[in-house]
J.: 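One structure, as structure tokens, below. Some questions next.
In what follows, chains carry the letters A, B, and so on, assigned in the order in which the sequence lines appear, proteins first and then strands, with residues in each chain numbered from 1.
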Number of protein chains: 4
Amino acid sequence: MLGTLCGVDHHGNRYGRSEAARAAVLEAADDLLVEHGFAGLTIEKIAARAGVAKQTIYRWWPSKVDILLEAFGDDMAEDLTPADHGYLATDLREHLARLADFLTTSDAGAVYRALVGQAQHDPQLATRLRDGHLAAQHARDRLPFERAIARRELVENLDVDLAVERLVGVVHYRVLVTGEPVTREFTDALVDALVLELT
Amino acid sequence: MLGTLCGVDHHGNRYGRSEAARAAVLEAADDLLVEHGFAGLTIEKIAARAGVAKQTIYRWWPSKVDILLEAFGDDMAEDLTPADHGYLATDLREHLARLADFLTTSDAGAVYRALVGQAQHDPQLATRLRDGHLAAQHARDRLPFERAIARRELVENLDVDLAVERLVGVVHYRVLVTGEPVTREFTDALVDALVLELT
Amino acid sequence: MLGTLCGVDHHGNRYGRSEAARAAVLEAADDLLVEHGFAGLTIEKIAARAGVAKQTIYRWWPSKVDILLEAFGDDMAEDLTPADHGYLATDLREHLARLADFLTTSDAGAVYRALVGQAQHDPQLATRLRDGHLAAQHARDRLPFERAIARRELVENLDVDLAVERLVGVVHYRVLVTGEPVTREFTDALVDALVLELT
Amino acid sequence: MLGTLCGVDHHGNRYGRSEAARAAVLEAADDLLVEHGFAGLTIEKIAARAGVAKQTIYRWWPSKVDILLEAFGDDMAEDLTPADHGYLATDLREHLARLADFLTTSDAGAVYRALVGQAQHDPQLATRLRDGHLAAQHARDRLPFERAIARRELVENLDVDLAVERLVGVVHYRVLVTGEPVTREFTDALVDALVLELT
DNA sequence: TTCTAATCGAGACGGTACGTCTCGTCTTGGG
DNA sequence: CCCAAGACGAGACGTACCGTCTCGATTAGAA
């Protein structure tokens with residue numbers, strides 16, 4: 001949030017930027033990405049759609065991926081924080097199903113896939129994505145395991161990072177590489193196999 | 001190979017294309033991708049670097065990803081066909097280590113990552129990539145498991161596809177998403193956990 | 001003239017530029033200058049009006065004044081070459097009336113006035129205008145006097161340059177500075193006074 | 001003059017405008033015109049150079065030519081009021097020499113040339129220039145002739161306007177169009193020829 | 001041997017988007 | 001009420017590539 005000075009609808013002043021313009025740009029970027037894909041997402045079209053001058057975009061965002069990063073915001077944290085059901089298997093089943101849903105059906109997931117795709121060509125974006133979002137998400141992904149360890153459901157010296165990657169990685173692979181559907185049956189089977197192995 | 005008619009250095013004839021031009025384009029594309037990244041890979045620059053007219057490129061390749069796909073060629077099949085050591089664990093350990101090496105260090109791996117990245121923005125490319133290369137690779141990835149089933153090392157009704165994805169997917173996740181190094185220790189641990197679980 | 005290769009209607013080739021594009025640009029520039037003035041004459045609008053890409057303009061003309069200079073072309077030579085009536089007074093009367101008409105009513109005159117105006121801010125344009133057109137026009141302006149000297153109507157040691165400026169300069173002053181109409185009465189009076197003085 | 005309230009150095013008060021800001025703007029405009037020419041004279045740069053907000057300029061001057069007009073002020077009246085020597089030839093020689101000097105060497109002359117140049121693209125400016133300065137100057141230019149008529153040096157029914165233009169116009173032509181130097185010899189010759197013809 | 005048709009290089013063409021610049025307007029907090 | 005500061009919508013600037021086109025030269029099998 002940019003502070004109380006920015007909430008008013010105005011055309012700019014020396015003490016703060018236009019919140020209306022900022023919101024319009026983010027929404028336009030989101031819409032255009034979903035409608036026309038990453039290639040169809042140009043600064044020119046964002047500006048036109050948002051009813052905003054190009055210069056206003058360049059003033060606040062260095063590139064279109066910065067717009068997407070800001071539009072992406074905290075969607076991941078909001079949608080992908082695992083709930084605590086008291087059982088590891090249940091926690092993981094729910095969480096992985098949510099992850100699959102997020103990646104394949106949500107608008108935020110579309111932005112995420114575009115960003116990860118672009119990160120293959122842009123090492124700087126890759127770094128920012130990892131530091132800004134993936135690290136935090138990884139910490140959230142660890143929670144079910146850590147809770148299970150705390151309640152003695154799992155052994156203490158478990159390699160939690162590896163366990164997380166063995167779930168999350170497989171789902172990502174389907175989404176990003178093979179493109180096969182990620183059904184509830186698939187994620188449940190993935191979780192069950194792992195939980196069976198670990199306990 | 002395009003046959004004996006194409007090998008000569010010439011500026012055109014009515015029965016075949018210039019093999020020299022074809023090779024120059026593929027090499028220029030490869031070089032530019034490695035040097036300047038996917039964004040710096042333009043038809044204009046490929047033509048200039050290859051000493052070839054733009055029209056010659058457009059005549060034979062619909063887009064720059066087609067050039068990359070052709071440059072990518074059968075590198076994957078050559079580098080990533082699993083050897084048969086007689087033991088599932090050994091086969092998988094070797095294969096996964098090769099995969100990690102291919103993805104992170106080889107030129108072909110760089111092209112592969114660029115193509116997968118671009119496929120996030122280009123569903124048509126995604127389809128071609130899957131049909132043309134990923135399906136074949138998946139079949140090769142299955143070989144160690146199928147051989148283990150044949151020699152009764154594994155049960156017959158094993159979900160081989162799932163097992164493959166639980167190995168390959170995790171490595172891809174590290175390479176494409178988190179960017180963490182994929183060490184031999186990591187791939188061995190991945191294989192050992194799976195093999196222990198399945199046998 | 002650009003040679004026989006340029007007359008064909010095409011979209012460009014390595015041996016010549018598109019005459020159609022060139023003509024469209026010059027005509028569009030002329031039209032826009034007359035309609036919207038020099039300030040409303042932008043490369044963007046010329047391109048749009050001419051149905052031509054901006055790059056095509058930048059390829060051939062360094063700036064919009066170069067377009068005007070080319071559009072101006074040889075209009076001055078065509079319209080302002082004094083005829084020979086055998087009498088100094090008649091020659092000058094006709095010539096000065098033509099000059100007034102050219103400057104105040106013709107499209108080429110509008111371009112000329114814009115160029116002279118712009119030359120006040122652009123010394124390089126001033127030089128090109130003088131070397132390219134004004135010098136030649138001055139030579140033409142001298143013709144009636146030189147013919148009169150040849151036929152002994154005027155003395156041999158007459159300062160022809162000064163005489164020319166005393167006619168042409170006054171007309172320019174009205175057109176460029178005071179904006180008063182330049183009537184036939186005015187130009188005739190100007191000529192008569194001078195001729196009376198010289199003979 | 002704007003009164004005693006305006007002389008103080010302040011950042012705003014409710015009774016009048018800042019004289020300091022006004023003077024800074026005029027001086028900055030003058031400097032920028034001389035240093036970078038008319039094209040380099042932008043409201044943005046004037047504001048930056050004068051240490052003044054753009055809005056302050058737009059509040060008081062509709063456009064940059066208005067600033068120049070105000071900066072131009074009464075320089076013409078001060079420099080170009082013909083003195084009375086008692087002889088037509090002397091009056092005119094002095095006056096025309098002063099005019100040439102004013103147009104070619106003074107700062108005010110540079111502003112004048114820029115304004116006349118811009119007036120070729122801007123009919124409104126042309127009108128204001130004529131009504132505001134040129135008419136008054138023309139009246140001053142007539143003075144030597146009117147004094148000569150009064151003292152019977154010239155006939156009463158002389159076309160004074162034409163006579164003025166035949167001197168002033170030729171000098172303007174050299175300055176604005178041909179760019180040739182306007183020497184004392186030239187102006188003297190011009191005057192002498194006219195005076196000889198009229199008397 | 002000459003003819004013919006496809007390919008080659010070169011590069012001009014109409015476009016689209018880029019990122020920068022300046023315009024003239026607006027909104028603000030302080031004097 | 002004026003001032004500075006500066007964000008805003010607007011739109012032109014000159015550049016880079018896009019994908020299409022036209023051209024003359026090159027080439028080798030067919031006539």
J.: Rounded to the nearest Å, what distance is computed from the CD1 atom of residue D/Ile57 to the C1' atom of nucleotide E/dT25?
T.: 14 Å

J.: So how far is it from D/Leu26 CG to D/Trp61 CH2, rounded to the nearest 0.5 Å?
T.: 5.0 Å

J.: Once you round to the nearest 0.5 Å, how far does CZ of B/Phe38 lie from CD of B/Gln118?
T.: 3.5 Å

J.: Would you say a side-chain N or O of D/Arg59 is under 4.0 Å from OP1 or OP2 of F/dC3?
T.: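 For F/dC3, OP1/OP2 do have a side-chain N/O of D/Arg59 under 4.0 Å.
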
J.: Side-chain N or O of A/Ser18 versus OP1/OP2 of F/dA7: is the shortest distance under 4.0 Å?
T.: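 So the side-chain polar atoms of A/Ser18 never come under 4.0 Å of the phosphate oxygens OP1 or OP2 of F/dA7.
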
J.: For A/Trp60, is the NZ or CZ atom of A/Arg22 found under 6.0 angstrom from the centre of its six-membered ring and inside 45 degrees of the ring axis?
T.: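 Judged by the rule, A/Arg22 and A/Trp60 form no cation-pi pair.
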
J.: What is the distance from CZ of D/Arg22 to P of F/dC3, rounded to the nearest Å?
T.: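 So the two atoms are 12 Å apart, to the nearest Å.
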
J.: Give the rounded distance in Å between these two atoms: CZ of B/Arg49 and P of E/dG9.
T.: 17 Å

J.: Is there a side-chain polar atom (N or O) of A/Trp60 under 4.0 Å from OP1 or OP2 of F/dC8?
T.: yes

J.: Nearest 0.5 Å please: distance from the CG atom of C/Leu68 over to the CG atom of C/Asp30.
T.: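 If we round to the nearest 0.5 Å, C/Leu68:CG and C/Asp30:CG are 7.5 Å apart.
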
J.: Less than 4.0 angstrom between a side-chain N/O of B/Thr56 and OP1 or OP2 of E/dG9, yes or no?
T.: yes

J.: Would you give the length of the straight line joining atom CG of A/Leu33 to atom CG of A/Asp107, rounded to the nearest 0.5 angstrom?
T.: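 These two atoms lie 8.5 Å from each other.
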
J.: Using a 4.0 Å heavy-atom cut-off, write out nucleotides 15-22 of chain E from 5' to 3' as B (base contacted by protein), S (sugar-phosphate only) or - (no contact).
T.: B-SBBBBS

J.: Mind checking salt bridge (charged side-chain N to carboxylate O under 4.0 Å, His left out) for C/Arg49 and listing every partner two or more places apart, or none if nothing turns up?
T.: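 Expected list: C/Asp31, C/Glu35.
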
J.: Check whether any side-chain N or O of B/His133 sits under 3.5 Å from a backbone N or O of B/Arg128 as a donor-acceptor pair, and report yes or no.
T.: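 Between the backbone of B/Arg128 and the side chain of B/His133 there is no qualifying donor-acceptor contact (under 3.5 Å).
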
J.: Between P on F/dA16 and NE2 on B/His36, what's the gap in Å once rounded to a whole number?
T.: 15 Å

J.: Calculate the interatomic distance between D/Glu19 atom CD and F/dC3 atom P; express it in whole Å.
T.: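 The answer, rounded to whole Å, is 11 Å.
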
J.: With a 4.0 Å cut-off on heavy atoms, is D/Trp61 in touch with a base, just the backbone sugar-phosphate, or nothing at all?
T.: nothing

J.: Distance check, rounded to the nearest 0.5 Å: A/Ile43 atom CD1 versus A/Lys54 atom NZ?
T.: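 One finds 9.0 Å between CD1 of A/Ile43 and NZ of A/Lys54.
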
J.: Counting distance only, does the side-chain N/O of D/Lys64 pair as donor-acceptor with the main-chain N or O of D/Leu41 below 3.5 Å?
T.: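 The answer is yes, because a donor-acceptor pair under 3.5 Å joins these two groups.
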
J.: Give the residues of residues 113-129 of chain A touching DNA chain F, defined as any heavy atom closer than 4.0 Å, sorted by residue number.
T.: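 Of all residues in residues 113-129 of chain A, none places a heavy atom under 4.0 Å from DNA chain F.
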
